[in-house]
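Read the numbers this way: they start at 1 and go in the same order the structure lists the ligands and their atoms.
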Amino acid sequence: MDPMQVKIALVGKYTNLSDSYLSVVKALLHASVACSQKPSIQWVSASDLEDATAASAPDAHTKAWETLKGSSCILIPGGFGDRGISGMILAAKYARENKVPYLGICLGMQISVIEMSRHVLGLGNADSEEFNTDTPDCVVMYMPEVSKTHLGNTMRLGCRRTFFRKPDCLTSKLYGNPPHVDERHRHRYEVNPSFVPMLENAGLQFVGCDESGNRMEIVELQDHPFYIGVQFHPEFKSRPRKPSPPFTGLILAATERMRTLTNVSNGDAGASE
Ligand SMILES: NC(=O)CC[C@H](N)C(=O)O
């Protein structure tokens with residue numbers, strides 16, 4: 001394998017329509033070039049990771065897991081609707097437990113919150129109101145100011161400011177330690193603030209929020225080399241000569257993991273220089 005190639009598992013719903021993720025693909029390219037790497041995107045259809053696929057299409061299930069496990073990092077991009085959600089939760093769990101670098105964008109951040117709530121807090125029915133309106137553990141909720149009766153104009157859109165709640169967090173460092181960042185948004189649901197203290201006790205830190213202090217914008221998992229979720233879409237502001245910091249962080253972490261794994265498989269892990 002080309003040593004400069006970094007394999008990124010992109011776990012999504014529209015993986016056979018790669019143009020749906022064009023901005024994410026470009027942002028990965030910009031960040032990889034800045035790190036002197038070549039991105040190799042490994043498309044993983046989220047529903048292929050699910051247990052139901054093991055029964056209905058075992059080859060697709062095996063291949064999806066092999067692709068996920070053979071990648072140096074995992075990215076879950078934005079998305080809408082419930083298809084593939086359980087597969088995304090499995091991918092986020094795999095990244096958390098196996099310390100694989102993870103970047104969750106918008107839906108990808110909401111997936112991290114659901115995954116941690118279910119598997120670490122033990123709230124088995126934890127869900128987003130987008131997928132289950134009746135769950136008692138609604139860890140991701142419809143944004144209160146968004147109308148439930150109007151279908152148009154209900155999204156929180158455009159450039160918004162995120163303030164760092166924990167100024168020494170990894171995401172702030174990646175951006176060069178500013179007090180806040182301005183990134184673009186496109187969502188209807190948000191983390192339910194009443195679950196934040198429990199999740200923080202369990203190790204998921206909410207390191208960025210909006211000006212109200214109640215709307216969570218960035219999560220970071222403690223005791224993990226790189227696990228970041230952002231409610232905004234950093235890919236929209238990525239440019240060839242100005243890569244997006246969360247993407248650069250992901251590629252750097254993936255490269256480091258690739259090196260470690262290569263050294264381990266060559267039997268020289270821990271060898272002195
Ligand atoms: N852009 C997205 O990923 C949106 C996430 C989720 N469907 C929401 O509306 O909040």
Side-chain angles (χ1 to χ4, degrees), residues 9-15 17-28 43-47 74-89 91-92 95 102-118 126-133 135 137-160 162 171 181-196 199 204 206 208-210 212 214-219 227-238 244 246-247 250:
L10 205 151
V11 182
K13 177 174 166 183
Y14 314 106
T15 46
L17 296 167
S18 56
D19 273 9
S20 319
Y21 301 117
L22 200 58
S23 308
V24 170
V25 170
K26 292 289 178 200
L28 286 168
W43 297 96
V44 178
S45 168
S47 46
I74 296 174
L75 191 155
I76 301 189
F80 294 82
D82 61 2
R83 184 164 63 82
I85 294 300
S86 335
M88 293 177 205
I89 294 172
Y102 175 88
L103 178 62
I105 296 177
C106 202
L107 176 65
M109 166 175 147
Q110 298 171 357
I111 291 288
S112 306
V113 168
I114 301 170
E115 192 282 308
M116 280 285 289
S117 304
R118 286 191 190 175
D127 219 325
S128 164
E129 226 177 330
E130 183 176 7
F131 318 126
N132 180 356
T133 43
T135 175
D137 296 314
C138 175
V139 293
V140 176
M141 62 182 203
Y142 204 65
M143 276 185 284
E145 75 261 36
V146 170
S147 163
K148 290 201 181 201
T149 48
H150 289 77
L151 288 179
N153 208 11
T154 56
M155 264 203 256
R156 180 172 177 249
L157 292 170
C159 189
R160 312 265 177 161
T162 293
T171 312
V181 289
D182 294 328
E183 292 281 14
R184 286 171 60 186
H185 291 72
R186 187 178 152 75
H187 65 125
R188 286 192 185 91
Y189 297 83
E190 64 176 331
V191 174
N192 183 341
S194 50
F195 287 89
V196 165
L199 285 160
L204 193 67
F206 291 82
C209 60
D210 77 343
S212 73
N214 288 324
R215 178 164 292 145
M216 299 305 141
E217 295 275 11
I218 311 173
V219 297
Y227 186 107
I228 290 178
V230 288
Q231 188 59 77
F232 47 78
H233 288 266
E235 68 273 23
F236 292 148
K237 285 179 78 173
S238 175
S244 166
F247 283 85
L250 179 73

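With sequence neighbours left out, Glu190 forms a salt bridge (Lys or Arg N to Asp or Glu O under 4.0 Å) with Arg215.
In terms of heavy-atom proximity, Leu204 sits nearest to Ser112 at CD2-O, 4.4 Å.
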| request: Decide yes or no on side-chain hydrogen bond (donor to acceptor under 3.5 Å, both in side chains) for Thr135 and Asp137, but give the supporting numbers first. | output: CA-CA 5 Å; Thr135 175; Asp137 296 314; 5.3 Å; no

| Passes side-chain contact (heavy atoms from CB on, under 4.5 Å), Lys26 versus Glu235? Steps please. | CA-CA 8 Å; Lys26 292 289 178 200; Glu235 68 273 23; over 6 Å; no

Please tabulate, one line per pair, the protein N or O atoms found under 3.5 Å from any N or O atom of ligand 1, giving the distance to one decimal.
unit_1   : atom_1 : unit_2 : atom_2 : d
ligand 1 : 1 (N)  : Arg186 : O      : 2.8
ligand 1 : 1 (N)  : His233 : NE2    : 3.1
ligand 1 : 3 (O)  : Gly79  : N      : 2.9
ligand 1 : 3 (O)  : Gly79  : O      : 3.4
ligand 1 : 3 (O)  : Leu107 : N      : 3.0
ligand 1 : 7 (N)  : Gly79  : O      : 2.9
ligand 1 : 7 (N)  : Glu130 : OE1    : 2.7
ligand 1 : 7 (N)  : Glu130 : OE2    : 3.2
ligand 1 : 9 (O)  : Arg188 : N      : 2.9
ligand 1 : 10 (O) : Gln110 : NE2    : 3.1
ligand 1 : 10 (O) : Arg188 : N      : 3.1
ligand 1 : 10 (O) : Tyr189 : N      : 2.9

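Ring orientation note: the planes of His187 and His185 are tilted relative to one another, at an angle of 30° to 60°. The aromatic rings of Tyr142 and Tyr189 sit perpendicular to each other, their planes meeting at more than 60°, with 30° as the lower class boundary.
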